[in-house]
Amino acid sequence: MPRLSEVITALETLWPAERAESWDAVGTVAGDPDQEVTRVLFAVDPVQEIVDEAVKLGADLLVTHHPLYLRGTTTVAATHFKGRVVHTLIKNDIALHVAHTNADTADPGVSDALAGALDLRVTGPLVPDPTDPEGRRGLGRICALDHPVTVREFAARAAERLPATAQGIRVAGDPEALVRTVAVSGGSGDSLFDHVRAAGVDAFLTADLRHHPVSEARAHSPLALLDAAHWATEWPWCELAASQLDEISDRHGWDLRVHVSKTVTDPWTAHAASATPDTLGAPN
């Protein structure tokens, strides 16, 4: 069995820490470099529910997309929920490793996995990484469909193929407009509208879209916007990442058992439709 340090070295080849944004907090959060690793769990969020799942599974390593501590802290006391996570990890000899923005821009990365889940053909990055001479790394992806579909049909595809959440898929734009090219970005994407418009695509699928940026984007162009749950747009990366580690394990003869959590950690738990399409509007 490999030591944790060997597995982390392999993960760092996939998602080098130096490629993370300066504000990010990636890398190994907890774990003894000399401990043996036999079982690994991938998940989006390092929350207590996921850590408890890792304990039940008998995992030695938990790899998450989101950081546990994105900002500094002065305590890991178990009186705080993040402190309880740390205590549970250490008591059960489970290491935690984070790949966040360094996984977003990787080749392949978070948005490649999102595009794959939607059966889209990636043609290049939305925001290319200037340090990549091959022009494959970067934030978001520009994609093509095999044949045109309406915005309504594309939204239905996203709702069917992404993990189910309370939010589902929200749409801004003409539901009957045709979609031939799409930009996708896993996670929060409304800071990318300028790049999306410059790409000249028909639609943009991302998460966490806010009222004012969407209103302004719609005023700029007929671009259709599809807003999915943040967690749902990033979960496909867990399957991609697990398959990458599986391949590394096979190559090294490690015989790791690699798992992907299917626990929904999207914070929204219910949705109530406000009106049917023919009665939309403010109350009288």
Side-chain angles (χ1 to χ4, degrees), residues 24 41-51 53 62-68 70 81 98-101 103-105 108-120 122 126 139-141 143 149 151-173 175 179 182-193 196 201 203-215 217-218 223-242 260-275 277:
D24 205 359
L41 178 64
F42 282 86
V44 175
D45 296 301
V47 294
Q48 189 66 46
E49 189 175 9
I50 294 297
V51 173
E53 182 180 345
L62 172 61
V63 181
T64 65
H65 182 52
H66 289 153
L68 177 62
L70 189 55
F81 79 92
V98 172
H100 191 211
T101 54
D104 285 334
T105 58
V110 170
S111 293
D112 292 290
L114 175 57
L118 298 173
D119 198 22
L120 302 174
V122 173
L126 177 62
L139 191 61
R141 293 294 183 266
C143 308
V149 299
V151 170
R152 188 189 305 277
E153 290 169 330
F154 185 59
R157 178 191 298 193
E160 177 186 358
R161 299 190 182 186
L162 293 181
T165 61
Q167 173 181 320
I169 308 295
R170 298 191 300 174
V171 176
V179 177
V182 180
V184 299
S185 182
S188 304
D190 62 15
S191 64
L192 302 175
F193 282 141
V196 173
V201 295
F204 178 37
L205 186 146
T206 187
D208 297 340
L209 293 181
R210 296 170 295 158
H211 175 92
H212 292 296
V214 168
S215 179
R218 290 290 303 152
L223 174 73
L225 303 172
L226 293 91
D227 181 38
H230 189 121
W231 172 85
T233 64
E234 294 180 329
W235 183 86
W237 171 80
C238 295
E239 290 195 321
L240 169 64
V260 174
S261 173
K262 292 180 170 57
T263 302
V264 178
T265 54
D266 184 72
W268 303 103
T269 57
H271 171 80
S274 59

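The chain is numbered in sequence order, starting from 1. Because only heavy atoms are used, hydrogens play no part in the values below, and waters and symmetry mates are left out as well, while side chains stay in.
Heavy-atom minimum distance, A155 versus I169: O-CG1, 3.9 Å. Residues F81 and Q48 come closest through the heavy atom pair O-OE1, 4.4 Å. Among all heavy-atom pairs drawn from C238 and A43, the shortest one is SG-C, 3.5 Å. Closest approach of D119 to R161, counting heavy atoms only: CB-NH1, 2.8 Å. Between S185 and L192 the shortest heavy-atom distance is OG-CD1, 3.5 Å. Here the shortest heavy-atom pairing between G109 and R141 reads N-NH2, 4.3 Å.
When side chains are defined from C-beta on, H66 counts as touching H100, because their heavy atoms get closer than 4.5 Å. Residues P108 and L240 have side chains in contact (heavy-atom distance under 4.5 Å, counting atoms from C-beta outward). Residues V196 and V201 are in side-chain contact: their nearest non-hydrogen atoms beyond the backbone lie under 4.5 Å apart. Residues F154 and L118 meet the side-chain proximity criterion, which asks for heavy atoms closer than 4.5 Å.
C143 contributes atom SG, which lies 8.0 Å from atom CG of D112 (distance to the nearest 0.5 angstrom). Rounded to the nearest 0.5 Å, atoms CD (E234) and CG (D104) are 6.5 Å apart. L223 CG to R218 CZ: the interatomic distance, rounded to the nearest 0.5 Å, is 7.5 Å. In this structure, the separation between OG1 on T233 and CG on D208 is 7.5 Å, given to the nearest 0.5 Å. Taken to the nearest 0.5 Å, the CZ atom of R210 stands 8.5 Å off from the OG atom of S191.
Ring geometry for H65 versus W237: interplanar angle of 30 to 60°, hence tilted.
Screening L68, I50, V98 against L62 for a side chain to side chain contact (heavy atoms under 4.5 Å, CB included) leaves a single residue, I50. Here the options are V184, D227, V171, the test is side chain to side chain contact (heavy atoms under 4.5 Å, CB included), and the partner is L205; only V184 passes.
When atom types are taken as modelled, the side chain of T206 and the backbone of G187 share a donor-acceptor pair closer than 3.5 angstrom. A donor-acceptor pair under 3.5 Å links the side-chain atoms of W235 to the main chain of S261, judged by distance alone.
Between E53 and T263, the side chains place a donor N or O and an acceptor N or O closer than 3.5 Å (distance only, hydrogens not considered).
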Checking L120 against R157 for the side chain to side chain contact (heavy atoms under 4.5 Å, CB included) test, could you report, in this order, the C-alpha distance in whole Å, the side-chain angles of both residues, the deciding distance, and whether it holds?
CA-CA 11 Å; L120 302 174; R157 178 191 298 193; 4.1 Å; yes
CA sep, side-chain torsions, deciding dist, call: L162, L114, side chain to side chain contact (heavy atoms under 4.5 Å, CB included):
CA-CA 8 Å; L162 293 181; L114 175 57; 3.7 Å; yes
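Partners of T265 according to the side-chain hydrogen bond (donor to acceptor under 3.5 Å, both in side chains) rule, which considers only residues two or more places apart in sequence or in another chain, are D45, W231. With sequence neighbours left out, the side-chain hydrogen bond (donor to acceptor under 3.5 Å, both in side chains) criterion links T101 to D24.
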